Amino acid sequence: MQMAVVNLHPGQTVYCEAGKFLFKTVNVTMETRLSGPSGNGGQQQSGGGGMGGLLRQAMGTAMQVGQRMLAGESLAFQYFTAEGGEGTVGFAGVLPGEMRALELDGTRAWFAEKDAFVAAESTVDFGIAFAGGRTGTSGGEGFVLEKFTGHGTVIIAGAGNFIDLNPADFGGRIEVDTGCVVAFEEGIQYGVQRVGGLNRQGIMNAVFGGEGLSLATLEGNGRVILQSLTIESLANALKKAQGGDKQGPTGGLFSTHAG
């Protein structure tokens with residue numbers, strides 16, 4: 001399992017999702033806040049405009065927290081700032097696997113699966129994107145994604161090994177197990193489709209294929225990061241090793257994931 005060791009310049013701030021912090025040097029301060037980064041070096045925006053400014057700031061924070069709550073994300077962020085010299089802070093994901101540092105230059109956003117976020121510079125904005133509407137209707141389910149914009153470095157983590165692909169190298173479109181998508185660049189069209197039609201082979205795929213009813217589709221020209229291990233497959237493997245396999249003989253549609 002990998003970890004990220006971050007060296008901070010004096011006054012530099014990074015933030016992480018609650019629960020991803022490992023260690024820090026004594027000159028690095030730690031502050032837990034409900035608000036996301038403001039893009040101004042990690043400092044909270046001033047109220048401005050008296051009571052009206054404070055109210056707008058409070059409402060903005062409440063909306064951010066509400067989005068993260070609906071998405072099942074951590075409600076708070078932890079901010080780390082080096083004071084009086086350079087500092088060091090360490091972070092890690094929650095599953096055995098890889099980590100990746102993504103560099104944002106302000107021209108393209110990155111989207112990641114829920115819980116992939118580990119830490120980022122305070123100049124990177126964290127948001128929630130809901131992939132629903134036509135995608136959710138045609139695929140039978142909607143998806144919640146983490147969205148990163150701004151300038152700077154963001155660190156993500158996933159399970160197993162990572163592989164980088166570009167759908168443009170494979171005819172412009174790839175189909176992926178929904179649990180294997182870690183992250184992708186803005187410009188990639190992300191959707192969900194049924195596995196086969198309502199015919200004999202489609203039913204066989206859904207019931208006995210181990211993928212359920214849907215596959216993720218990724219189209220366009222840009223970077224896509226996939227992972228070789230999913231949380232569901234890891235949980236079921238551990239359950240099976242303990243003699244409590246809940247997946248059943250068929251997998252797929254009739255699976256009962258551990259949890």
Side-chain angles (χ1 to χ4, degrees), residues 17 36-37 39 67-68 70-73 93 95 97-121 123-197 202 205-206 209-233:
E17 190 176 46
Q67 278 193 330
R68 296 199 296 271
L70 288 174
E73 298 279 355
L95 291 172
E98 288 196 38
M99 304 182 75
R100 184 67 56 83
L102 306 175
E103 301 296 336
L104 277 63
D105 61 6
T107 61
R108 273 191 175 188
W110 270 88
F111 297 89
E113 69 165 347
K114 188 175 68 172
D115 295 329
F117 172 67
V118 176
E121 291 184 80
T123 50
V124 174
D125 292 321
F126 177 100
I128 298 294
F130 295 93
R134 184 171 62 86
T135 296
T137 301
S138 62
E141 55 185 305
F143 282 87
V144 177
L145 299 171
E146 299 173 336
K147 182 178 181 180
F148 308 105
T149 56
H151 296 77
T153 303
V154 57
I155 301 171
I156 60 173
N161 298 114
F162 283 176
I163 181 172
D164 290 74
L165 298 175
N166 186 337
D169 297 331
F170 300 88
R173 176 187 173 102
I174 56 175
E175 298 175 349
V176 184
D177 183 300
T178 53
C180 290
V181 179
V182 179
F184 55 90
E185 283 185 301
E186 185 177 24
I188 294 292
Q189 297 180 7
Y190 179 62
V192 183
Q193 71 171 22
R194 298 286 188 187
V195 179
N205 287 339
E211 306 301 333
L213 293 173
S214 302
L215 286 175
T217 61
L218 297 160
E219 300 180 74
N221 184 9
R223 288 177 60 193
V224 172
I225 301 175
L226 305 179
Q227 62 187 3
S228 63
L229 180 67
T230 67
I231 298 176
E232 290 81 5
S233 62

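Only a predicted model underlies this, so the values are computations on that prediction, with no experimental measurement involved. The figures here come from the full heavy-atom set of this structure, side chains too, leaving out hydrogens, waters and symmetry mates.
- Distance check: Ile174 CD1 to Glu219 CD gives 10.0 Å after rounding to the nearest 0.5 Å.
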Leu145 vs Ile128, test: side chain to side chain contact (heavy atoms under 4.5 Å, CB included). Steps then yes/no. CA-CA 6 Å; Leu145 299 171; Ile128 298 294; over 6 Å; no
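- Within the 3.5 Å criterion, the main-chain N or O of Asn161 finds a donor-acceptor partner in the side chain of Ser228.
- The closest donor-acceptor contact from the side chain of Gln227 to the backbone of Ala159 lies under 3.5 Å.
- Here Thr230 contributes atom OG1 and Glu113 contributes atom CD; the two are 9.5 Å apart, rounded to the nearest 0.5 Å.
- Between the side chain of Glu185 and the backbone N or O of Arg223 there is at least one donor-acceptor pair closer than 3.5 Å.
- A parallel orientation is assigned to the rings of Phe184 and Phe111, their planes being inclined by less than 30° (bins at 30° and 60°).
- Between the side chain of Thr149 and the main chain of Ala109, no donor-acceptor pair closer than 3.5 Å is present.
- Glu121 contributes a side-chain N or O that, together with a main-chain N or O of Thr153, makes up a donor-acceptor pair within less than 3.5 Å.
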Residues Ile156, Arg100; criterion side chain to side chain contact (heavy atoms under 4.5 Å, CB included); working and verdict: CA-CA 5 Å; Ile156 60 173; Arg100 184 67 56 83; 4.0 Å; yes
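- Side chain of Glu98 to main chain of Gly158: no donor-acceptor pair is present (N/O by atom type, distance under 3.5 Å, no hydrogens or angles).
- Within the model, atoms NE2 of His151 and OG1 of Thr107 stand 7.5 Å from one another, a figure rounded to the nearest 0.5 Å.
- The line from CG of Leu102 to CD1 of Ile225 is 5.0 Å long, rounded to the nearest 0.5 Å.
- Taking NZ of Lys114 as the start and CD of Glu146 as the end, the distance is 9.5 Å to the nearest 0.5 Å.
- Here the straight-line distance linking atom CD of Gln189 with atom OG1 of Thr217 works out to 8.5 Å at 0.5 Å rounding.
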